[in-house]
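Only heavy atoms go into these numbers, but all of them, side chains included; no hydrogens, no water, no symmetry mates. Predicted model, so just to flag it, every value in this text is computed and none were measured. Reminder, nothing fancy here: chain letters follow the sequence lines and each chain counts from 1.
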2 protein chains.
Amino acid sequence: MPKGIIENSENYQPGLSIDCVIFGFHDNQLKVLLIKTPYEEKWSLPGGFVPLEQDIDTAAITVLNDRTGMEGIFLRQFSTFGRVKRNDKHFNDLVLEYYKIPKEAGKWFAQRFVTIGYYALVDFLKAIPHKENSKEKIEWIDHKEVPELILDHKEILDKALATLRIELNLMPIGYNLLPEKFTMPELQKLYETILDKKLDRRNFLRKITNIGILTKLDEKKSNVAHKAPNLYSFDKDRYEEVLKNGLNQGW
Amino acid sequence: MPKGIIENSENYQPGLSIDCVIFGFHDNQLKVLLIKTPYEEKWSLPGGFVPLEQDIDTAAITVLNDRTGMEGIFLRQFSTFGRVKRNDKHFNDLVLEYYKIPKEAGKWFAQRFVTIGYYALVDFLKAIPHKENSKEKIEWIDHKEVPELILDHKEILDKALATLRIELNLMPIGYNLLPEKFTMPELQKLYETILDKKLDRRNFLRKITNIGILTKLDEKKSNVAHKAPNLYSFDKDRYEEVLKNGLNQGW
DNA sequence: ATTACATTGCGTCATAATAACACAGTTAAT
DNA sequence: ATTAACTGTGTTATTATGACGCAATGTAAT
């Protein structure tokens, strides 16, 4: 709940919210940043409202920045959710009481909300989960162990992941999810984790290098069991170019 | 302007609209259904507002149905547009006067609007453009000859077409754009028109038949110059199946 | 009727992309 | 020294794609 919105709801776009599915990658797990609601045993996606004088994309960037401290991140709008009854039971007395929202102001929150979904890919190690208040819990949670979420947030999360899986074929990823220097097995694990399936190591290498966005470094990973794998980095210029023009042409 | 909204704006989601990019195909042209605004020399996408008791998808179906008389059509949400100033100059005195909107009610229309974009593919011959009032003009216009549009509708239209081109690689199309029986050159022209590029006739046949959604009929097109081409129809079951599962797997 | 022409139907061939797999090199643990 | 687990660099078979060739069919011109 952003500061000041209760008293100044007239400065926000009515009935419209932003919800962000923030993906990170760690320990070969695809993580999602979730917030524990302080008033019940459910979790939620980090979200926010849209100030009247802010573009929706800017509002999404604000949510992401507030929650992770990160800027200049890959952030993409993927869908808008607007079932009539998606939030009709949400701002009930329990929640209003928790936030100490006066009955009159509560009407604003109880109105029907349509929410715009964005998903982000961020570097797990650089993104520090940031609480809005002391009673809140915000955590990286393995996407396979997502607890019960409020509203239709599970549906939003699932759609984000489905979109990401499709867009994996249309654009390169990894730049915001891996450290600057990374190994081929790490990159492959990222793909495998997102897609939830095994890929052939040798075919993966060929396909990913053919895209032409990787620079093979003259350096090997140190302190590692078994044979030390080579390190790679992204060629930022080519990466951006491919991001813009897309991968698969198809027809 | 839907009937009754001026007096009953409190029954609609504030600051939220739907805009539909309705594509049809005729004379080897990709057509878009556009509405001439009665108050100035610009055109607009068919759009509408979201009743409080309607899902956004339903509201989009309503817009499409009201404008084309068609139901059960391919309709897809592709993006939401929410720049702050996208409509700040739109509901000016000229427009308010035209619609005879009282100053007080006019505030509702002048507020900041976020719009959800849907695109539809419909059978040009079955979709009959339907006016809302006698002063309105609604027409199929070649997408290459789109006149000046109001607001950011050009941007919305462009994005719809870009999305359609991408989704062409992910799903089959044609079911809603061609008559029940059609020839291979007709189907190819559809693809060429959407993509705005020539495809090789023989390679197209191979690729499209390999998808397994076509039934080759024991019938040739009649009354046609040159050699009569064979007729095909879609195998609806397989078509739906491919629509659901997608075409290109990629990774 | 004959011929020219545009278009269709059904091929081929070379190349590129993909899937499946073989084998040797490196390192840590035993 | 041997083994297990992994990396690096291949090969081969299959499939998909891009670029064409050519005969068959029907219209239109002569």
Exercise for the section: Might you confirm whether atom CZ of B/F74 has over 12 heavy atoms from other residues, nucleotides or ligands at distances under 6.0 Å? Expected result: yes
Practice task
Taking salt bridge (Lys or Arg N to Asp or Glu O under 4.0 Å) as the test, write out the residues that go with B/D200, two or more places apart.
Solution key: B/R202
Practice task
Using a strict 4.0 Å threshold on nitrogen-to-oxygen distance, state whether B/R67 and B/E136 make a salt bridge.
Solution key: yes
Completion exercise
When rounded to whole Å, the CD1 to P distance for the pair B/I208 and D/dT17 reads 11 Å
Handout entry: Ring centre gap for A/Y191 and A/F204 strictly below 6.0 Å
Key = yes
Problem - Reported NE2-to-CG distance for the pair A/H143 and A/L164, which is rounded to 0.5 angstrom - result: 10.0 Å
Under 3.5 Å, N/O pairs linking protein and nucleotides 15-20 of chain C:
residue: C/dA19; atom: N7; partner: A/N203; partner atom: OD1; Å: 3.4
residue: C/dA19; atom: N6; partner: A/R206; partner atom: NH2; Å: 3.4
residue: C/dA20; atom: N7; partner: A/N203; partner atom: ND2; Å: 3.1
residue: C/dA20; atom: N6; partner: A/N203; partner atom: OD1; Å: 3.2

Handout entry: Separation of A/L149 CG from A/W43 CH2 (nearest 0.5 Å)
Key = 10.0 Å
Handout entry: Near-strand residues of residues 178-185 of chain B, defined as heavy-atom separation under 4.0 angstrom from DNA chain D
Key = none
Handout entry: Separation of atom CG in A/N28 from atom P in D/dC6, rounded to whole Å
Key = 11 Å
Practice task
Please report, rounded to the nearest Å, how far the P atom of C/dT7 is from the CG atom of B/L205.
Solution key: 17 Å
Handout entry: Spacing of A/N230 atom CG relative to D/dC6 atom P, expressed in whole Å
Key = 18 Å
Exercise for the section: With a 4.0 Å heavy-atom cut-off, tell me which residues in residues 215-226 of chain A come close to DNA chain D, sorted by residue number. Expected result: A/K216, A/H226
Practice task
Rounded off to whole Å, could you give me the NZ-to-C1' distance for the A/K227 and C/dA29 pair?
Solution key: 19 Å
Completion exercise
Applied to residues 155-179 of chain A, the salt bridge (charged side-chain N to carboxylate O under 4.0 Å, His left out) test, sequence neighbours excluded, yields A/R76-A/E167, A/R83-A/E155, A/K154-A/D158
Using a 3.5 Å cut-off and no angle test, enumerate the donor-acceptor pairs between side-chain atoms of residues 218-230 of chain A and protein atoms at least two apart in sequence or in another chain.
residue: A/E219; atom: OE1; partner: A/K181; partner atom: NZ; Å: 3.1
residue: A/E219; atom: OE2; partner: A/K181; partner atom: NZ; Å: 3.4
residue: A/K221; atom: NZ; partner: A/E186; partner atom: OE2; Å: 2.8

Handout entry: Between CG on residue B/L177 and OG1 on residue B/T193, distance to nearest 0.5 Å
Key = 10.5 Å
Problem - Lys/Arg cation over aromatic B/W251: A/K207, 6.0 Å, 45° cone - result: yes
Exercise for the section: Could you point out which residue of B/E148, B/E139, B/E41, B/E132 forms a salt bridge (charged side-chain N to carboxylate O under 4.0 Å, His left out) with B/K36? Expected result: B/E41
Fill in the blank from the handout: From CZ of B/R201 across to P of C/dA6 the rounded distance in Å is 14 Å
Practice task
Round to the nearest Å and state the distance from A/F204 atom CZ to D/dC6 atom C1'.
Solution key: 17 Å
Fill in the blank from the handout: Atom CD of B/Q188 and atom C1' of C/dT7 are separated, to the nearest Å, by 12 Å
